[in-house]
Novice: 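Just passing along the structure, written as structure tokens.
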Amino acid sequence: MTENKASPDHVAIIMDGNGRWAQMRNRPRLVGHHAGAKRVREILRASVELDIKYLTIFAFSTENWKRTQTEVAGLMKLFKRYIRRESQNLFQEGVRVRFIGDRVRLEPALVDLMDGLELLTADNDRVHLTIALNYGGRDEVARAARRLAHDVEMGKLNPRDVCDETFPRYLDTHVLPDPDLVIRTSGEARISNFLLWQSAYAEYEFIETLWPDFTAEIFAEVVGRYAVRDRRYGAVLA
Ligand code: FPP
């Protein structure tokens, strides 16, 4: 049996329920996304207090392009605004920001802002915020396999050395530890293509609260439940 420390090192969150939150108020879905963006700062600050070193959030999936053009364009605008507004705060609060996902389909102005924020915060180490943007777990594994095949082709990697230790070096998350706890808000019990490889042994919490209502208090309660779970990683209890 593996003893848990009081807090997980790495928490990953599927921030779901923004659209329903807005619809319940007869407001456009984007109003819900804006309310959701406000929660990110609160949960990030709470992570520091709870001794969580890595926070990873699912902001836009490879499937989210199927939403209306208005919603997609509004979300892209929101991401740009968020980065412009929050960069200095994030830097000063010691947050190291990284983005995972495929940048190829994102507009160059957004990619420039993402690169700039990564560079600005590259020496920070208080808490690591990873934002999944145009991210899909299967897409990430496929892109990793492509890079790995290229290294084999170039003679840099022997196919015999491909194993579950070498493969994750090709994933977008190669510098991050695996998540200990994955939280999904809004009552849906699905993982929706999020961190498929990395979450093999993660604990899951599916919470009824919609993301814009997900407070630091609720977060602390959910994280507190993690401490009493037994993580066995496939082993038998002694
Ligand atoms: C899911 O709710 C949420 C999203 C697809 C977008 C998540 C984005 C944010 C929280 C905005 C801010 C993020 C950053 C990093 C600034 P949904 O629209 O699927 O809700 P529904 O299931 O109720 O329709």
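Each ligand, and each atom within it, is numbered from 1 in the order the structure gives. Because the structure is a prediction, the values reported are computed rather than measured.
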Novice: Step by step, work out the side chain to side chain contact (heavy atoms under 4.5 Å, CB included) result for Val40 and Trp211.
Specialist: CA-CA 9 Å; Val40 171; Trp211 174 252; 4.3 Å; yes
Novice: Taking ILVMFWY side chains as joined if any heavy atoms are under 4.5 angstrom apart, and letting links pass through other members, which residues group with Leu171?
Specialist: Val141, Leu148, Val152, Leu157, Val162, Phe167, Tyr170, Trp197
Novice: Report the part of Leu210 (side chain from C-beta onward, or backbone N, CA, C, O) that has a heavy atom under 4.0 Å from ligand 1; answer both or neither where that applies.
Specialist: neither
Novice: Report yes if some N/O of Gly19 lies less than 3.5 Å from some N/O of ligand 1; otherwise report no.
Specialist: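 So ligand 1 has an N or O lying under 3.5 Å from an N or O of Gly19.
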Novice: When only distance counts, is Trp211 in polar contact with ligand 1, meaning an N/O pair under 3.5 Å?
Specialist: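 Between Trp211 and ligand 1 (N or O atoms, distance only) the closest approach is not under 3.5 Å.
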Novice: Provide, to 0.1 Å, the distance between atom 1 (C) of ligand 1 and the closest protein heavy atom, together with that atom's residue and name.
Specialist: Met15 O, 3.2 Å
Novice: Is Arg45 paired with Glu93 through a side-chain N to carboxylate O contact shorter than 4.0 Å?
Specialist: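 Yes, this pair counts.
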Novice: Taking C-beta and beyond as the side chain, do Arg143 and Asp102 meet within less than 4.5 Å on heavy atoms?
Specialist: yes
Novice: What residue among Val182, Leu176, Thr173 forms side chain to side chain contact (heavy atoms under 4.5 Å, CB included) with Leu195?
Specialist: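 Option passing the side chain to side chain contact (heavy atoms under 4.5 Å, CB included) with Leu195: Thr173.
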Novice: Of all the non-hydrogen atoms in the protein, which one sits nearest to atom 19 (O) of ligand 1, and at what distance?
Specialist: Arg67 NH2, 2.8 Å
Novice: Does Gly17 have a non-hydrogen atom less than 4.0 Å from ligand 1?
Specialist: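 Judged by the 4.0 Å heavy-atom criterion, Gly17 does count as contacting ligand 1.
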Novice: Judged by non-hydrogen atoms, does Arg29 sit under 4.0 Å from ligand 1?
Specialist: yes
Novice: Side chains of Arg29 and Thr68: do they bring a donor and an acceptor to under 3.5 Å?
Specialist: no
Novice: Between Asn18 and ligand 1, is there a nitrogen or oxygen pair with a distance under 3.5 Å?
Specialist: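 Among all N and O atoms of Asn18, at least one is under 3.5 Å from an N or O of ligand 1.
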Novice: Hey, are Glu118 and Arg103 close enough for a salt bridge, meaning a charged N less than 4.0 Å from a carboxylate O?
Specialist: yes
Novice: Under a 4.0 Å N-O cut-off, is there an ion pair linking Asp172 with Arg98?
Specialist: no
Novice: When you compare ligand 1 with Asn64, is there at least one nitrogen or oxygen pair between them that comes in under 3.5 angstrom?
Specialist: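 No - when backbone and side-chain N and O of Asn64 are compared with those of ligand 1, no distance drops under 3.5 Å.
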Novice: Nearest to atom 13 (C) of ligand 1, what protein heavy atom do you find, and at what distance?
Specialist: Phe79 CE2, 3.9 Å
Novice: How close does the nearest protein non-hydrogen atom get to atom 11 (C) of ligand 1, and which residue and atom is it?
Specialist: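 Its nearest protein heavy-atom neighbour is His33 O, 3.7 Å.
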Novice: Check contact between His34 and ligand 1, using heavy atoms of the residue and a distance below 4.0 angstrom.
Specialist: no
Novice: Tell me the ring pair (Phe, Tyr, Trp, His ring centres under 6.0 Å) pairs involving residues 53-74, sequence neighbours left out?
Specialist: His10-Tyr54, Tyr54-His128, Phe58-Tyr135, Phe58-Phe194, Phe60-Trp65
Novice: I need the nearest protein heavy-atom contact for atom 8 (C) of ligand 1: residue, atom name and distance, please.
Specialist: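 It is Ala59 O, 3.7 Å.
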